[in-house]
Amino acid sequence: MKTAYCIGLAFWLAATGAAAHAAELELEGNKLMVVGMLDGSALATFVEQVNSGRVRTVVFENSQGGTAEVAEAYARVIRDKGLLTEARGQCQAACAYAFLAGKEHRFGRGLQLNALVIPLAKRPTPGELQAGRWRGDEPQHASVEVVSVSTTTATATATATATAVGPESTTPAPSREPWPPGQGVVFTSTPTLFGRVYNTYWCDGSQGTDFSRCDRLSNADPYQLGVLTPSGAH
């Protein structure tokens, strides 16, 4: 089963490793779908939808990268509005930071494979893995990939966020240091006939989009680490 899982994961990641596109938003019931890179182009619409009061869960789908400023803006709105978050497919860097800001944060169900990529400068020690650094209430420990952001986008980000949550709200800022693509801790979930299989890896960036070539980390269950919220948690 492990071999089949690795082969399937490799093919899926290769197929979804195309150039990232700007985020697109769509409201489905009380779920706000955010598909694509968090580059700021959809932030004003995101704030408008959240302020409508109809959104309970923000679903990030195949969101690969973005900017630190925009990730912080999304996270701030999500946290201050007490929204839930869900990740489907790949959720990398900026997406991971915003995802962990949810009051509850879970992987999507269904037949898709899920991968959450949290960039780090170096491989975490077993002690660091168990230190609670992954929980959504401590987002300052999660570093995000930095992509160049224009002055116009940065200004729009600050304005839109202030409108959504007010001047008194604060959110710890993600790191502005850029890490090589694919470097960090990767949490994966894949469906099988016997339920979902969860694995955690350390990737140094040399594996490209094939996370199955990374080193598997032991004692790194995403539920125990707080990366995923168990069903029924409050």
Side-chain angles (χ1 to χ4, degrees), residues 9 12-13 15-18 20-67 70-118 134-137 139 142 144-145 157 160-161 164-165 171 174 186-191 195-196 198 211 222-223 226-234:
L9 181 63
W12 175 76
L13 290 172
T16 57
H21 60 277
E24 299 177 358
L25 273 59
E26 181 177 356
L27 187 63
E28 297 182 359
N30 62 6
K31 290 188 175 183
L32 181 58
M33 309 296 298
V34 181
V35 183
M37 183 174 66
L38 304 185
D39 65 345
S41 61
L43 182 58
T45 303
F46 176 79
V47 171
E48 181 182 353
Q49 292 281 13
V50 168
N51 281 340
S52 72
R54 294 177 293 176
V55 179
R56 182 172 184 266
T57 303
V58 177
V59 180
F60 295 101
E61 184 170 354
N62 291 327
S63 180
Q64 303 177 42
T67 70
V70 175
E72 182 179 348
Y74 272 84
R76 184 179 180 187
V77 173
I78 289 169
R79 183 174 295 105
D80 287 4
K81 295 294 184 180
L83 301 177
L84 313 181
T85 55
E86 182 178 316
R88 300 178 184 176
Q90 289 198 55
C91 179
Q92 298 188 16
C95 175
Y97 181 81
F99 168 77
L100 290 173
K103 182 178 180 180
E104 297 179 5
H105 28 94
R106 300 188 175 100
F107 276 158
R109 294 293 176 178
L111 298 178
Q112 81 283 342
L113 297 169
N114 302 313
L116 183 74
V117 182
I118 302 179
W134 315 106
R135 292 195 304 269
D137 57 355
V144 300
E145 176 187 9
T157 297
T161 306
V165 299
T171 295
V186 181
F187 298 90
T188 65
S189 168
T190 186
R196 284 193 166 265
Y198 295 87
F211 295 149
Y223 286 102
V227 172
L228 298 179
T229 306
S231 298
H234 298 284

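Note that this is a predicted model, so its numbers are computed, not measured. The basis for the numbers below is simple: all heavy atoms, side chains too, and nothing from hydrogens, waters or symmetry mates.
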Subject >> side-chain contact (heavy atoms from CB on, under 4.5 Å) partners for E86, two or more places apart >> reply: K31, T57, V59, R88
Subject >> Verdict with supporting geometry, E24 and E26, side chain to side chain contact (heavy atoms under 4.5 Å, CB included) >> reply: CA-CA 7 Å; E24 299 177 358; E26 181 177 356; over 6 Å; no
Subject >> ring pair (Phe, Tyr, Trp, His ring centres under 6.0 Å) involving F46 - partner list, sequence neighbours excluded >> reply: Y74
**OP:** Would you please name every residue forming a side-chain contact (heavy atoms from CB on, under 4.5 Å) with R196, sequence neighbours left out?
**Re:** R109, Q112, N114, S189, P191, Y198
Original post:
Residues two or more places apart in sequence or in another chain: which of them pass ring pair (Phe, Tyr, Trp, His ring centres under 6.0 Å) with F60?
Top reply: none
**OP:** Would you give the length of the straight line joining atom OG1 of T188 to atom CG of L113, rounded to the nearest 0.5 angstrom?
**Re:** 8.0 Å
**OP:** For residues G36 and S63, report the shortest heavy-atom separation together with the two atoms involved.
**Re:** O-OG, 2.7 Å
Original post:
Which atom pair, heavy atoms only, marks the closest approach of V186 to A115?
Top reply: CG1-CB, 4.4 Å
Subject >> Nearest heavy-atom neighbours spanning G89 and N62 >> reply: CA-OD1, 3.3 Å
Original post:
Taking all non-hydrogen atoms of both residues, which atom of D39 and which atom of A22 are closest, and how far apart?
Top reply: OD2-CB, 3.3 Å
Subject >> Nearest-0.5 Å distance that lies between atom SG in C91 and atom CZ in F107 >> reply: 8.0 Å
Original post:
Are any side-chain N or O atoms of R106 and backbone N or O atoms of T85, one a donor and one an acceptor, separated by less than 3.5 Å?
Top reply: no
Subject >> Within residues 41-54 or reaching into it, pairs that qualify as salt bridge (charged side-chain N to carboxylate O under 4.0 Å, His left out) - sequence neighbours excluded >> reply: none
Subject >> From Q49 atom CD to L25 atom CG, the distance as rounded to the nearest 0.5 Å >> reply: 7.0 Å
Original post:
Shortest non-hydrogen contact from V34 to A23?
Top reply: CG1-CB, 4.1 Å
Subject >> Atom of L83, atom of V55 and distance for their closest heavy-atom approach >> reply: CD2-O, 3.3 Å
**OP:** Hey, could you give me the OG1/CG distance between T67 and L43, rounded to the nearest 0.5 Å?
**Re:** 9.0 Å
**OP:** Dump the intermediate steps for side chain to side chain contact (heavy atoms under 4.5 Å, CB included) on M37 and Q64, then the final yes or no.
**Re:** CA-CA 5 Å; M37 183 174 66; Q64 303 177 42; over 6 Å; no
Original post:
Roughly how far apart are L84 CG and T229 OG1, rounded to 0.5 Å?
Top reply: 8.5 Å
Original post:
Rounded to the nearest 0.5 Å, how far does CD of E104 lie from CG of L228?
Top reply: 12.0 Å
Original post:
Looking at Y223, Y97, F99, which one forms a ring pair (Phe, Tyr, Trp, His ring centres under 6.0 Å) with H105?
Top reply: F99
